[in-house]
Amino acid sequence: MRFEGRAWKFGDNIDTDVIIPARYLNTTDPRELAAHCMEDADPSFARAVQPGDIIVAGKNFGCGSSREHAPLAIKAAGVACVVARSFARIFYRNAFNIGLPILECPEAVDGIGNGDRVLVDAAAGLITNVTTGVTFRAEPVPPFMQEIISAGGLIDYVRKRVGSGARYGGG
Amino acid sequence: MGMTITEKILAAHAGRDAVRPGELISARIDIALGNDITAPLAIKEFEKIGVPVFDPERVVLVPDHFTPNKDIKSAEQAKIVRDFARKHTLTHYFEVGRMGIEHCLLPEQGLVVPGDVVIGADSHTCTCGALGAFATGIGSTDLAAAMALGETWFRVPPTIRFVYEGELRPWVGGKDLILHTIGQIGVEGARYCAMEFTGPVIAGLDMDGRFTMANMAVEAGAKNGIIPPDAVTEAYVRARARRPYRLYAGDPDASYLEVYTFDVSNLEPQVAFPHSPANVRPVWEAREVRIDQAVIGSCTNGRLGDLRLAARVLAGKKVHPDVRLIIIPGTQEIYRQALEEGLLSIFLAAGAAVSTPTCGPCLGGHMGILAAGERAVATTNRNFVGRMGHPASEVYLANPAVAAASAVAGRIAHPEEVI
Ligand code: SF4
């Protein structure tokens with residue numbers, strides 16, 4: 001899982017109402033959701049973002065509602081990965097469940113400016129600011145989350161479990 | 001070493017003697033909840049698994065957000081939920097006219113009982129923690145998996161304990177306690193943690209006030225909010241519970257990540273300024289804020305106790321000419337009781353609009369959207385940018401008495417100023 005793109009910087013506590021305002025939640029169509037992604041924070045984002053771009057944000061990214069439409073909108077907008085100082089917990093679960101790679105790395109957030117070119121190796125947890133040449137190491141993804149990702153997301157993971165009659169890895 | 005109430009409930013549902021914060025566990029769930037926004041996505045994912053729901057009595061679907069259907073797209077989302085409920089013969093699907101806001105409805109209908117593990121594809125599922133249950137929000141795909149398996153995974157959260165001491169002033173209640181708390185610790189002050197609310201002030205709160213507190217735990221980033229059950233809890237639950245329940249208590253030697261003790265004797269009604277629930281000030285500092293709209297309702301403050309408070313302020317008063325006051329009872333039952341008690345007459349005489357239960361304006365869905373530059377005082381739980389409408393509108397969060405007083409004054413006001 002390697003991505004390279006432009007960094008879009010956002011601040012702390014970016015909530016799910018900013019990521020995808022509730023007024024657009026009368027649909028689950030990812031393309032429609034993507035068209036309004038981050039609209040209330042940066043109205044130009046949805047039009048300007050390119051496939052492979054990376055969101056770099058402050059602490060508590062994705063706080064607020066449980067709407068999975070938020071990571072879906074980000075993914076469908078073409079964003080390859082979100083790097084943040086920290087994530088709100090439901091957003092964290094949702095992102096893994098739908099296969100949007102996310103990395104916690106406060107140093108990278110400090111060391112990446114808006115518009116910088118960024119290279120991310122999600123499996124290795126390495127984030128490189130291509131513009132400045134500096135590489136950062138992110139918090140490793142918990143092994144259980146890696147299991148879900150390698151199964152192809154939560155639903156495929158569950159299908160395997162249903163087939164084998166086993167319970168979740170944790171207990 | 002002992003366990004907190006949250007740890008004990010999770011251990012029991014994981015089939016374990018003990019669990020520790022940080023552990024990943026798989027836990028049996030008692031109730032899985034979805035609504036008209038989150039369930040359609042869950043249903044799409046669920047159908048890919050190709051199994052029946054784990055228990056048609058334990059999957060609860062409540063179309064409450066954009067209902068009564070606000071437009072064609074919403075009608076289609078609601079229909080997906082309705083069709084699914086029929087196909088899987090779900091016992092607890094609630095149709096318009098019989099429904100309510102999910103987090104008001106489930107406790108009221110006795111569907112959630114003390115000791116439960118409840119997950120819901122709605123972040124305010126944490127409301128049910130007021131019953132002494134473990135209740136937390138998850139996403140749609142999580143809900144899909146849980147509907148199939150009857151279990152889900154959790155990382156056991158560390159618990160932060162909040163002890164409230166002193167005696168509350170008049171017009172100060174659960175909303176003010178939780179706003180004050182969030183103001184103190186910030187919107188990520190309890191991220192990934194359990195918030196346990198205790199102390200003599202909590203013991204003196206009725207269930208409505210307790211639901212308000214647990215409801216907003218997520219606004220501090222918490223995984224769950226929980227109030228150890230007592231006689232007040234039992235009195236509420238006894239008449240409603242549809243299943244046997246169990247009252248858990250934390251061990252005296254349980255360990256807490258942190259303990260905060262607040263003396264709240266001097267606490268004034270609190271107001272959260274835009275655009276963060278942690279941007280909290282005493283109501284007196286908000287007196288210059290002119291408002292265009294006041295909303296009383298939501299899963300935070302749409303219960304009977306909240307409506308009674310509003311009625312005490314509004315009795316014999318008129319809503320300010322420049323203000324729209326919108327009152328939304330949380331459930332059909334609350335609506336009916338408010339009618340029988342004469343509260344609705346008071347509201348109508350004051351010049352308020354009273355709606356059938358719905359989330360409505362709380363999330364900027366319908367039933368009272370704000371234009372650019374407009375301001376609302378609301379008893380809801382979030383005042384994020386654009387939450388109630390235009391991104392250039394503003395929401396101030398307050399308790400129902402303050403919202404009612406503000407509707408009369410035309411600006412944010414302490415109830416004493418108008419009564
Ligand atoms: S009332 Fe508001 S916060 Fe509560 S469930 Fe509905 S939209 Fe969410």
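Below, chains carry the letters A, B, ... as their sequence lines are ordered, and counting in each starts from 1.
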Worksheet, complete the sentence: The reported gap from OG in B:Ser276 to CG in A:Asp12 (rounded to nearest 0.5 angstrom) is 11.0 Å
Discussion item. Report which part of A:Leu25 has an atom under 4.5 Å of a heavy atom belonging to chain B: side chain, backbone, both, or neither.
Written reply: both
Fill in: Between A:Arg89 and B:Thr136: side-chain donor-acceptor atoms closer than 3.5 Å
yes
Worksheet item: When rounded to the nearest 0.5 angstrom, what distance separates CZ in B:Phe384 from CG in A:Asn13?
Response: 8.0 Å
Practice prompt. Taking all non-hydrogen atoms of both residues into account, name the closest pair between A:Ala22 and B:Leu363 and its distance.
Written response: CB-O, 3.0 Å
Discussion item. So which residue, B:Asp71, B:Val51, B:Thr38, ends up with the most heavy-atom pairs under 4.5 Å with chain A?
Written reply: B:Asp71
Discussion item. Using a 4.5 angstrom heavy-atom cutoff, name the option from A:Pro21, A:Cys63, A:Gly64 with the most pairs to chain B.
Written reply: A:Gly64
Worksheet item: When rounded to the nearest 0.5 angstrom, what is the spacing between NZ in B:Lys70 and CG in A:Asn26?
Response: 5.0 Å
Fill in: Segment of A:Asn60 engaging chain B (4.5 angstrom heavy-atom cut-off)
both
Worksheet entry | B:Lys79 atom NZ, over 12 foreign heavy atoms within 6.0 Å | no
Item to complete: Using a cut-off of 6.0 Å, state whether more than 12 heavy atoms not belonging to B:Asp17 lie near its atom CG.
Response: no
Worksheet, complete the sentence: In terms of heavy-atom contacts, B:Tyr192 and A:Phe87 come closest through OH-O, 3.4 Å
Fill in: Closest-packed option against chain A by number of heavy-atom pairs under 4.5 Å, given B:His366, B:His275, B:His124, B:Arg191
B:Arg191
Worksheet item: Which is it for B:Ile37 and A:His69 under the side-chain contact (heavy atoms from CB on, under 4.5 Å) test, yes or no, and what are the steps along the way?
Response: CA-CA 9 Å; B:Ile37 291 181; A:His69 312 63; 3.5 Å; yes
Fill in: Check: B:Asp142 main-chain N/O paired with A:Arg93 side-chain donor or acceptor under 3.5 Å
no
Discussion item. I'd like to verify something: which residue of B:Lys223, B:Lys44, B:His390 has the highest number of heavy-atom pairs under 4.5 Å with chain A?
Written reply: B:Lys223
Worksheet entry | Candidate pair A:Leu72 and B:Leu41, rule side-chain contact (heavy atoms from CB on, under 4.5 Å), full reasoning | CA-CA 11 Å; A:Leu72 278 176; B:Leu41 267 178; 3.7 Å; yes
Discussion item. Determine whether A:Arg85 and B:Glu188 satisfy the following criterion, salt bridge (Lys or Arg N to Asp or Glu O under 4.0 Å), listing intermediate values before the conclusion.
Written reply: CA-CA 12 Å; A:Arg85 215 174 274 283; B:Glu188 59 155 13; over 6 Å; no
Discussion item. Please identify, among A:Thr28, A:Asp156, A:Ile98, the residue contributing the most non-hydrogen atom pairs under 4.5 Å to chain B.
Written reply: A:Thr28
Practice prompt. Taking all heavy atoms of B:Ser140 and all of A:Asn94, pick out the closest pair and write down the distance.
Written response: N-OD1, 4.4 Å
Worksheet item: About how many Å separate CG of B:Leu33 and OG of A:Ser66, when rounded to the nearest 0.5 Å?
Response: 9.5 Å
Item to complete: Name the region of B:Val385, side chain, backbone, both or neither, that has any atom closer than 4.5 Å to a heavy atom of chain A.
Response: both
Discussion item. Atom CZ of residue position B:Arg20 - does it have more than 12 heavy atoms of other residues, nucleotides or ligands inside 6.0 Å?
Written reply: yes
Worksheet item: Between A:Tyr92 and chain B, which part of the residue has a heavy atom less than 4.5 Å away: side chain, backbone, both or neither?
Response: side chain
Fill in: Distance in Å, A:Asn97 CG paired with B:Leu143 CG, rounded so as to fall on 0.5 Å steps
11.0 Å
Item to complete: State, to 0.1 Å, how close B:Ser123 and A:Ser65 come at their nearest heavy-atom pair, and which atoms those are.
Response: OG-CA, 3.4 Å
Worksheet item: What part of B:Val187 is in contact with chain A, defined as an atom under 4.5 angstrom from a non-hydrogen atom: side chain, backbone, both or neither?
Response: both
Discussion item. If I take atom CD from residue B:Gln77 and atom OG1 from residue A:Thr27, how far apart are they, to the nearest 0.5 angstrom?
Written reply: 6.0 Å
Item to complete: Examine the side chains of B:Thr141 and A:Glu68 and answer whether a donor and an acceptor come within less than 3.5 Å of each other.
Response: yes
